[in-house]
Amino acid sequence: MKRDSEQFFQEIKKDLTRYGELRLELLKLGAYEKAGKVFSVLSYSLILLTLAFFLTLFLFLALGFFLSEWLHSTGVGFSIVAILYVMLVGGVVAFKTKIRRLILNAILDMLMNDEDDEDTPPVTNAPHDNDHPATNSAEQTAG
C-alpha cells in the first residue's frame with residue numbers, strides 16, 4: 001500500500017513538472033508571437049510614415065513652386081508654405097496627448113487581440129444560417 005502511494009505521488013510530481021514546463025513553453029511562445037506582431041506593426045508603420053513624409057514633402061514643394069509662380073515671388077511662395085508647416089507642427093503639438101492616446105490604444109488593441117484580422121470573418125449581429133426566424137409576423141403569432 002505504501003509503495004502504491006509513493007508511485008502515485010511520483011507520477012503526480014512528474015505530471016505537475018511536465019505541466020509547468022508546458023505552461024512555460026506556452027508563455028514563451030505567446031510572448032514571441034506578441035513581440036513578432038509588435039515588430040511587424042512597427043515596421044509597417046515606419047514604411048507608411050516614410051511614404052507619408054515624402055508625399056507631404058513633395059506636395060508642399062509643389063505648392064511652394066505654384067505659389068511662387070502665381071505670386072511672382074519665390075520668397076513669398078515658400079514663406080507661405082513654411083507658415084503652413086509651422087501650423088501643421090503646431091497642430092501636432094496641440095493635440096499631442098490625443099495623438100499619443102490614439103497610438104497607445106491602437107497598439108494595446110493589437111496586442112490584446114489574439115486573432116488575426118485576415119483569417120477571421122467580421123463579427124456581425126446578423127442571424128446565422130442555422131437560425132431560422134419566421135419570415136413574417138403572422139407566422140410568429142401562429143407558431
Side-chain angles (χ1 to χ4, degrees), residues 4-143:
D4 289 338
S5 63
E6 283 181 20
Q7 187 178 10
F8 175 74
F9 284 119
Q10 286 178 352
E11 287 180 19
I12 292 292
K13 181 182 174 185
K14 279 188 213 177
D15 289 344
L16 287 175
T17 304
R18 182 71 179 141
Y19 175 76
E21 290 171 355
L22 289 175
R23 289 292 294 177
L24 183 62
E25 184 76 19
L26 184 63
L27 184 65
K28 285 181 185 177
L29 290 174
Y32 293 151
E33 181 184 12
K34 297 287 184 185
K37 281 183 179 180
V38 168
F39 182 73
S40 68
V41 166
L42 290 177
S43 298
Y44 174 75
S45 299
L46 182 65
I47 291 169
L48 197 62
L49 283 173
T50 303
L51 291 173
F53 167 75
F54 281 113
L55 175 69
T56 305
L57 177 72
F58 288 126
L59 284 175
F60 276 108
L61 277 173
L63 181 64
F65 283 117
F66 172 76
L67 289 175
S68 295
E69 191 173 309
W70 188 53
L71 298 172
H72 303 291
S73 173
T74 306
V76 172
F78 279 95
S79 294
I80 293 172
V81 170
I83 291 170
L84 288 174
Y85 263 118
V86 169
M87 290 172 40
L88 186 65
V89 170
V92 169
V93 170
F95 295 108
K96 175 179 75 170
T97 55
K98 288 185 180 183
I99 293 171
R100 290 173 73 185
R101 189 174 302 134
L102 179 71
I103 293 170
L104 179 64
N105 287 339
I107 290 172
L108 289 177
D109 185 43
M110 187 264 318
L111 285 175
M112 298 301 284
N113 189 6
D114 289 335
E115 298 156 10
D116 292 332
D117 293 335
E118 298 87 22
D119 296 338
T120 57
V123 177
T124 62
N125 291 330
H128 298 289
D129 291 338
N130 57 358
D131 296 337
H132 299 290
T135 55
N136 62 29
S137 60
E139 287 179 341
Q140 289 177 356
T141 56

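Position 1 is the first residue of the sequence; numbering continues from there. Only heavy atoms go into these numbers, but all of them, side chains included; no hydrogens, no water, no symmetry mates. Just so you know, these numbers come straight off a predicted model, no measurement behind them.
For E21, the salt bridge (Lys or Arg N to Asp or Glu O under 4.0 Å) partners two or more places apart in sequence, or in a different chain, are R18. For the side chain to side chain contact (heavy atoms under 4.5 Å, CB included) test, residues two or more places apart in sequence or in another chain that qualify with S73 are V76. Under the salt bridge (Lys or Arg N to Asp or Glu O under 4.0 Å) criterion, R23 pairs with no residue at all, not counting sequence neighbours. Under the rule for a side chain to side chain contact (heavy atoms under 4.5 Å, CB included), the partners of L16 that lie at least two apart in sequence or sit in another chain are I12.
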Distance-only donor-acceptor hits, side chain of residues 57-65, under 3.5 Å, sequence neighbours excluded:
none

For residues 40-47, run the donor-acceptor check on the side chains, cut-off 3.5 Å, and write out each pair with its distance to 0.1 Å, sequence neighbours left out.
| residue | atom | partner | partner atom | Å |
| --- | --- | --- | --- | --- |
| S40 | OG | G36 | O | 3.3 |
| S40 | OG | K37 | O | 2.8 |
| S43 | OG | F39 | O | 2.8 |
| S45 | OG | V41 | O | 2.8 |

Can I get a per-line list of side-chain donor-acceptor pairs under 3.5 Å for residues 88-103, giving both atom names and the distance, sequence neighbours left out?
none

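The one candidate from K14, K13, Q7 that meets the side-chain contact (heavy atoms from CB on, under 4.5 Å) condition with E11 is Q7.
Among all heavy-atom pairs drawn from S79 and G75, the shortest one is OG-O, 2.5 Å.
Here L55 contributes atom CG and F53 contributes atom CZ; the two are 11.0 Å apart, rounded to the nearest 0.5 Å. Atom CG of L27 is separated from atom CG of L22 by 12.5 Å, given to the nearest 0.5 angstrom. For the atom pair Y85 OH and I80 CD1, the distance stands at 15.0 Å (nearest 0.5 Å). Here CZ of F66 is found 8.5 Å from CG of L71. Values are rounded to the nearest 0.5 Å.
No side-chain heavy atom of K34 sits less than 4.5 Å from a side-chain heavy atom of V38.
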